[in-house]
Structure formats: structure tokens, C-alpha cells
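This one's a predicted model, so the numbers in the text were calculated from it and none came from an experiment.
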Amino acid sequence: MMQKYNPKVFQRYFERNDLFFHPVFDNQPDVFVVIPVLDDEDIFQTIDCLCRCSHEEGNAGVVIVVNHDEAAPAGIKEANRFLGERLRAYTATRQCAAFHFQVVEAFDLPVKVAGVGLARKIGMDGAAWWLWQHGKADAPVLSLDADTWVEPNYTDATCRFFRRHAVAAVSLAYAHRLAECEGAALDAMVKYELYLRYYRAALKYAGHPHAFSTIGSAFAVRAGDYVAEGGMNKRQAGEDFYFIQKLIDTGRYADLTDTRVYPSPRFSERTPFGTGQALRQIIKAGGVFPVYCWQSFYDLRLFLDGVGGLYRAGEKEICDYIAGQAQGMKAYLLSTGVPDIFEEVNANCSTADQFKKRFFSRFNAFRVLKYLNFVHASYYGKEDIVTATDGLFHALGYPALQTLSEKLYFLRTHPD
């Protein structure tokens, strides 16, 4: 579905954000794939996956950003330079009308801003600029990781979805490659992905409209919305979560389930949190994985269930509503000024729908995360992923499955 964008949005963005490289794509792409790479041999298999993709919906441009910061060890710098040379040679043999590749060397980046966020931004900025210059501002830019495989319909399914739906961005279905794990590593990976799916399902159960997966290797955004929302941030970790929250807030965010990506289950140490760190912590703890307890989401549901009724509510009605919440929720709401949010939202909305949209823009997924951390510090204890998922399955009326693997596969095939 065509979306129109004011050219001034692009002009202002690129006045403030200089292009790191000049994109050159003679095959006139209808979709871009951006991949940050740091000394990662898995990128070659990912390239092979992309080359096997169908292209009935249009051609693709692939931007590979090989990057490191100025303080990186000499060995990493040398390996990255060699990797860049190999990638240029490797992709040169795989250029075709459907897929064109461009390898970008982003070396010796400033330490304060270098990281996966900046690398992703370099590639996505270039893709958005090319699409704008060629009259395709409504085309999608896919974000992928160097170690993430894709299905053969990866780019086609994405192009098709964006043409049929008036979305700003989407989260793609995903599944970690469990077949590459065994023993304690497999157990840890199952628990970690199960937690990701538990969290999303619990947030949806609570009635929050921003219940989406936020994985850097599994989302896509229209070029026009990418620049309208300020582009990718330069965070060294969690860049995907923060940027996707801005896209979700547009109210034009969706799940794309017609294709799937397959992230690696490896133990990376390159970010302070994420898959690799979580796996190490689970194994170090002997397989124990404490997560946010089910009761905290139940209490969140009780709070959110009546939010719509506070449209045009006065101070007393708002205070009475908050007073009737669970102890931890009430303490969080009062300590973070949520009553004032209700008053501010009511003062700036003329309809009930506007009220709810504006409220959830303020009480977004990031604020939910703050709530969960608040109540688990003083009111709840975290519970093992086994107990937490039992609560989820019981509340949603799902079958009483015995193993965590069974639960994980069930949630993979029943995302809602």
C-alpha cells in the first residue's frame, strides 16, 4: 500500500545525518537488507541464504557494514580488513539482477559511539537515502544480523506485506537454530527463547497494545518512516529495542508471519546483554533462569483493563482507581507520576480513542519494563521460567505440556 512522504522530512534528516558511504545499486532495488558485521565468518552463510531468496516482488540491495572502533585490538582490526576484502570478492561472484551487494568498511569509529547501533545506522541511512533519491520512499529496509539465516521468501514476503498493508514497520517471525546446540547450551537456548516469547505473550495478555518482539535481526521499516522517526540510534546494545519502540508508537506496526529468520544460538560477548550473555548466565546458574513472575503481569492486566474508563475522569476518580490497584502497582504509579499522565492526556484529547492512544504512548513498553523492575525489587520475587510459563499457559487455556521444548514449539506456532 503506497505511502506518501514529505520530501522535507528526508532533506532535514540528511542535513543532520551525513551519509557515511555512497550507495551504488544498478539493479534498482525495491527492498534493502542491512547487515552489520564485526569479524564474523558466519556472514558468508547468510549471504548464501540471501542468494537463494526468490525475487518475484522485486530486486534487493544488500548493504554489509564491516565495522570496528578505533580502540579495537590490532588482531580484530586486521581480521576485519581481511574480512572486508574477502566479502568484496565473495559478493562479486554472486551479483545478479535480483541481488546486488555493497560492502562498506566502517573502520576506526569513535569509541564513544561505535557499536552495532552505529553500524546498523550507517547501513540503514544509506539504504533510506538511495530509496528516497530513486522515488521509492515507501519501500522497506530489512535489518539482519551476520549470523542470521533467512527463508527463501524473505524479501518477497516483506515487499508483499508492505504493499498490501499501510504499516510503518513490522517484526518478523523468528526461531533460534536449536539444532546447533546440545546439552547445557541447548537447555539454556530453549529457556532464553521461551522467555522472549513468554514476555511478549504476557504483555499481550495484560492488554498492552505494544506487545511485539524487538529483535535487531528481525524487523523491517519503510524508508520514509525510518527517517521520520529519527533513524537508528547509536546505542552499543539494545539499539533495536529503543528504535522499534518509536516505530510501534506510530500505531502502524505489525507482525509479519509469512516468513521467518533464524538467529544463531552462539555465545557472543560483544554486547552487555542479549542472547550470548543470557545463555552464559543460565549455564553458570546450573540451568536456573529467574524471570518476571506471572503475578506481575496479572496485576498489570488489572490496571490496564480499566484505563479506557478514565477518559475525562477527574482527579478523585483517577486517585480512587489507582488506590484500588495491587500494592506494588499502586506504589509504582504514585512514585512515577502516572496520575499526572492521566490528567495531561485528558487535557489533550477530544475522543476516547485519542485518549487511549496517547496514554499508551506515555505508558509504553519501556515504562512497563520499569514497572516490572520496580515491583520485583520490593514486592515480588522473580520465578523460574518453568513456573512463569506454567502461569501463562494456564491463564491462556493452553494445553498442559510437560517439557519446555514442547512449550517453546507451541508458542512458535501459536504466537497469539
Side-chain angles (χ1 to χ4, degrees), residues 1 3 34 117 120 124 140-145 148 150 154 157-158 161-162 164-176 192-222 225-226 228-233 235 237-263 273-275 278 291-292 296-297 300-301 304 307 356-372 388-389 392 396 408 410-416:
M1 189 171 293
Q3 299 290 307
V34 174
R120 218 179 287 280
M124 297 186 83
V141 179
L142 282 152
S143 178
L144 192 65
D145 282 347
T148 300
V150 303
Y154 175 63
T158 303
F161 192 90
F162 275 83
R164 294 179 179 178
H165 304 277
V167 295
V170 297
S171 286
L172 278 69
Y174 71 95
H176 289 88
Y192 180 66
E193 186 181 321
L194 185 59
Y195 165 68
L196 296 179
R197 296 183 184 279
Y198 161 78
Y199 188 93
R200 178 190 178 278
L203 191 57
K204 188 166 186 176
Y205 165 84
H208 202 290
H210 296 181
F212 294 98
S213 299
T214 56
I215 299 175
S217 60
F219 79 94
V221 55
R222 290 188 196 271
D225 287 284
Y226 173 80
E229 295 304 320
M232 178 59 66
N233 59 73
R235 289 177 177 270
E239 81 293 346
D240 42 13
F241 175 81
Y242 290 95
F243 182 58
I244 291 174
Q245 294 310 314
K246 295 171 69 175
L247 297 172
I248 291 172
D249 199 37
T250 66
R252 295 185 296 114
Y253 200 91
D255 285 314
L256 196 168
T257 58
D258 294 337
T259 192
R260 181 182 283 184
V261 300
Y262 298 90
F273 52 87
T275 304
V291 302
Y292 300 122
S296 63
F297 289 100
L300 178 63
R301 178 186 174 96
L304 296 180
V307 162
K356 290 191 72 172
K357 185 177 185 302
R358 192 177 181 95
F359 172 78
F360 282 110
S361 177
R362 298 292 303 277
F363 201 91
N364 55 21
F366 183 62
R367 192 177 284 269
V368 169
L369 193 59
K370 284 185 161 182
Y371 151 73
L372 292 170
T389 50
L392 172 72
L396 297 182
L408 174 57
F410 182 88
L411 291 181
R412 280 183 174 183
T413 55
H414 297 76
D416 294 324

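Under the 4.5 Å side-chain criterion, counting only non-hydrogen atoms from C-beta, Phe219 is not in contact with Val261. Looking at Phe161 and Val167, their side chains come closer than 4.5 Å, going by heavy atoms from C-beta outward. Between Arg412 and Glu193 there is a side-chain heavy-atom pair separated by less than 4.5 Å. Leu300 is listed as a side-chain neighbour of Leu203, based on a closest heavy-atom distance under 4.5 Å. By the 4.5 Å heavy-atom criterion applied to side chains, Ser296 and Tyr371 are counted as neighbours. At least one side-chain heavy atom of Val150 sits under 4.5 Å from a side-chain heavy atom of Leu144. Residues Val34 and Leu142 are not in side-chain contact: their nearest non-hydrogen atoms beyond the backbone lie 4.5 Å or more apart. Asn364 places none of its side-chain heavy atoms less than 4.5 Å from the side chain of Asp249.
Between Ala175 and Pro263, the shortest heavy-atom distance links the atoms O-CD, 3.4 Å. Closest non-hydrogen pair, Tyr198 versus Ala388, comes out as CE1-O, 3.3 Å. The heavy-atom pair separating Gly207 from Leu304 by the smallest distance is C-CD1, 4.1 Å. In this structure, Leu392 and Ala202 approach most closely via the heavy-atom pair CD1-N, 4.1 Å.
In this structure, OG1 in Thr413 is found 9.5 Å from CG in Leu408, a value given to the nearest 0.5 Å. Atom OH of Tyr262 and atom OH of Tyr154 lie 13.0 Å apart (nearest 0.5 Å). Separating the CG atom in Leu247 from the OH atom in Tyr242 is a distance of 15.0 Å, to the nearest 0.5 Å.
Between Phe241 and Phe366, the two ring planes are tilted [angle within 30° to 60°]. In this pair, Phe243 and Tyr226 present their aromatic rings perpendicular. The plane angle is above 60°, beyond the 30 to 60° band.
The closest donor-acceptor contact from the side chain of Lys246 to the backbone of Glu229 lies under 3.5 Å. Judged by distance alone, the side chain of Ser213 and the main-chain N or O of Ile215 form no donor-acceptor pair under 3.5 Å. With His208 contributing its side chain and His210 its backbone, the two residues share a donor-acceptor pair below 3.5 Å. Counting only distance, with no hydrogens or angles, the side chain of Arg301 and the backbone of Tyr205 share a donor-acceptor pair below 3.5 Å.
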Run the ring pair (Phe, Tyr, Trp, His ring centres under 6.0 Å) test on Phe212 and Tyr253 for me, step by step, so that the C-alpha distance in whole Å, both residues' side-chain angles and the decisive distance to 0.1 Å come before the verdict.
CA-CA 9 Å; Phe212 294 98; Tyr253 200 91; 4.9 Å; yes
Could you check Arg120 against Asp240 for salt bridge (charged side-chain N to carboxylate O under 4.0 Å, His left out), going step by step and ending with a plain yes or no?
CA-CA 9 Å; Arg120 218 179 287 280; Asp240 42 13; 5.4 Å; no
Going through the distances and angles, do Leu196 and His176 end up as a side-chain contact (heavy atoms from CB on, under 4.5 Å)?
CA-CA 11 Å; Leu196 296 179; His176 289 88; 4.2 Å; yes
Audit row: Arg252, Asp225, side-chain contact (heavy atoms from CB on, under 4.5 Å) steps and yes/no:
CA-CA 10 Å; Arg252 295 185 296 114; Asp225 287 284; 2.4 Å; yes
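The cationic group of Arg197 lies under 6.0 Å from the six-membered ring centre of Tyr174 and within 45° of the ring axis, placing it in a cation-pi geometry. A cation-pi arrangement, defined by a distance under 6.0 Å to the six-membered ring centre and an angle within 45 degrees of its axis, is absent between Arg222 and Phe162.
Side-chain contact annotation: Ser171 with Asp255, donor-acceptor N/O pair under 3.5 Å absent. A donor-acceptor pair shorter than 3.5 Å cannot be found between the side chains of Tyr195 and Thr389.
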